[in-house]
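Worksheet: one structure, shown below.
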Amino acid sequence: MTESEIMLEESSSRKPELIEVINALQSEAHSNSSTHSSTVIYGLSDLSEPELDRLAPVWAGLPATYKHRILKQLVETSEAVFELDFGAFALMNLTDKNNLVRSAAIELLWSDESLATMRRLIDLARTDESHDVRAQAFSALGRFLLLGEYGDIPAHDAREAQELALIAVKDRHAPVEIRCRALEAIANSSHPQAAALIRAAYDDGNHLLKVSAIYAMGRTCDKSWRDTILEELESSDNQIVYESVQACGALQLEESVRLIGDLVLGDDREIQLMAIWALGEIGGKRAFEILSDLEETVEDREFLEAIEEAVDAASFSLSMSSLDFEFDNI
């Protein structure tokens with residue numbers, strides 16, 4: 001359970017009055033604490049338009065670093081406590097003067113799938129003065145390209161975001177961070193140029209583009225990238241290895257289980273956690289055995305939670321495989 005979850009669990013179920021939220025914001029504004037009271041976190045959820053109008057001038061006067069810290073904590077909270085809705089508050093922050101605040105606001109909109117939000121993101125990706133904000137907007141647009149693939153939003157609406165990302169990827173004068181995030185977004189689509197753009201980025205010679213290309217390979221659902229990804233699993237570069245492990249999990253590459261099993265026992269914590277996740281996604285008997293053995297020896301709380309989730313995922317795929325086998329033999 002995260003600190004945010006604990007704070008919310010300990011707080012009253014009553015939503016704080018806006019004046020309480022404003023008072024808490026102002027009193028905490030000059031604190032060095034990396035966490036904030038449940039009054040602030042709970043109170044910034046489900047804000048109405050009149051409440052936003054009252055809050056806006058107070059919020060505008062707070063230090064940018066403080067606002068950024070709060071938004072980042074709201075991102076963490078929203079990923080764990082789904083009943084809280086910070087959408088309206090996030091949208092308000094898309095026009096903040098500070099680049100970091102705008103970027104964090106985009107991140108806070110991670111679950112928003114509305115066309116109105118997509119258009120706001122397109123505007124930011126196209127015109128924002130900050131390269132970091134534009135890159136974050138392209139990253140967020142990736143989910144809308146995926147929604148377009150699934151038919152959950154009209155194809156012509158998704159196409160505008162797709163074309164904008166294509167232009168950015170091909171623009172060799174654009175900041176590399178923008179090109180990377182645009183490439184990752186394009187990987188969520190079946191655009192005929194996607195594979196060639198991923199290959200070109202991989203071969204470009206720029207390290208950041210190569211990292212993004214490997215991530216993009218995993219997003220394509222195309223196992224033709226198998227050999228490239230398996231080769232990069234043995235790279236000496238931890239960033240490359242991390243993205244390769246993630247791509248193996250996304251593509252469910254059974255051939256990678258042995259190598260990923262070795263990485264679980266490595267000394268890079270982020271790679272270890274990603275390897276645990278990937279084994280759960282890949283599933284199969286060997287992955288399940290590795291995870292089960294690991295579960296018996298690990299004491300680290302974060303690792304245990306990750307392993308339990310991965311074991312559940314691997315168990316499900318194993319049970320489905322057994323069902324398929326039974327049906328095939330009827």
Between Arg286 and Glu289, is the closest basic N to carboxylate O distance under 4.0 Å? yes
Is the closest basic N to carboxylate O distance between Glu255 and Lys223 below 4.0 Å? no
Is it the case that the side chains of Glu243 and Gln246 hold a donor-acceptor pair, with the cut-off being a distance below 3.5 Å and no angle test? yes
Checking Ser103 against Asp132: is there a side-chain donor and acceptor pair closer than 3.5 Å? no
Between Thr39 and Val21 (side chain of the first, backbone of the second, donor and acceptor by atom type, cut-off under 3.5 Å), is there such a pair? no
Are Ser212 and Arg181 linked by a side-chain donor-acceptor pair shorter than 3.5 Å? yes
Distance-only donor-acceptor pairs under 3.5 Å for side chains of residues 193-211, two or more places apart:
| from | atom 1 | to | atom 2 | distance (Å) |
| --- | --- | --- | --- | --- |
| Gln193 | OE1 | Lys170 | NZ | 2.5 |
| Arg199 | NH2 | Thr228 | OG1 | 3.3 |
| Tyr202 | OH | Glu232 | OE2 | 2.4 |
| Asp204 | OD1 | Asn206 | N | 3.4 |
| Asp204 | OD2 | Arg172 | NH1 | 3.3 |
| Asp204 | OD2 | Arg172 | NH2 | 3.1 |
| Asn206 | OD1 | Leu208 | N | 2.9 |
| Asn206 | OD1 | Leu209 | N | 3.1 |
| His207 | NE2 | Asp237 | OD2 | 2.7 |
| Lys210 | NZ | Glu232 | OE2 | 3.2 |

Rounded to the nearest 0.5 Å, what's the gap from CG on Leu109 to CZ on Arg143? Could you check? 6.5 Å
Arg102 bridged to Asp128 by N-O distance under 4.0 Å: yes
Verify the distance criterion only: is there a donor paired with an acceptor across the side chains of Asp222 and Ser224 at less than 3.5 Å? yes
What side-chain donor-acceptor pairs closer than 3.5 Å can you find for residues 146-156, not counting sequence neighbours?
| from | atom 1 | to | atom 2 | distance (Å) |
| --- | --- | --- | --- | --- |
| Glu149 | OE1 | Ser190 | N | 3.4 |
| Glu149 | OE1 | Ser190 | OG | 2.9 |
| Glu149 | OE2 | Ser190 | N | 3.0 |
| Glu149 | OE2 | Ser190 | OG | 3.2 |

Verify salt bridge (Lys or Arg N to Asp or Glu O under 4.0 Å) between Asp46 and Lys15, making sure each step is shown before the conclusion. CA-CA 10 Å; Asp46 297 292; Lys15 181 182 176 182; 5.5 Å; no
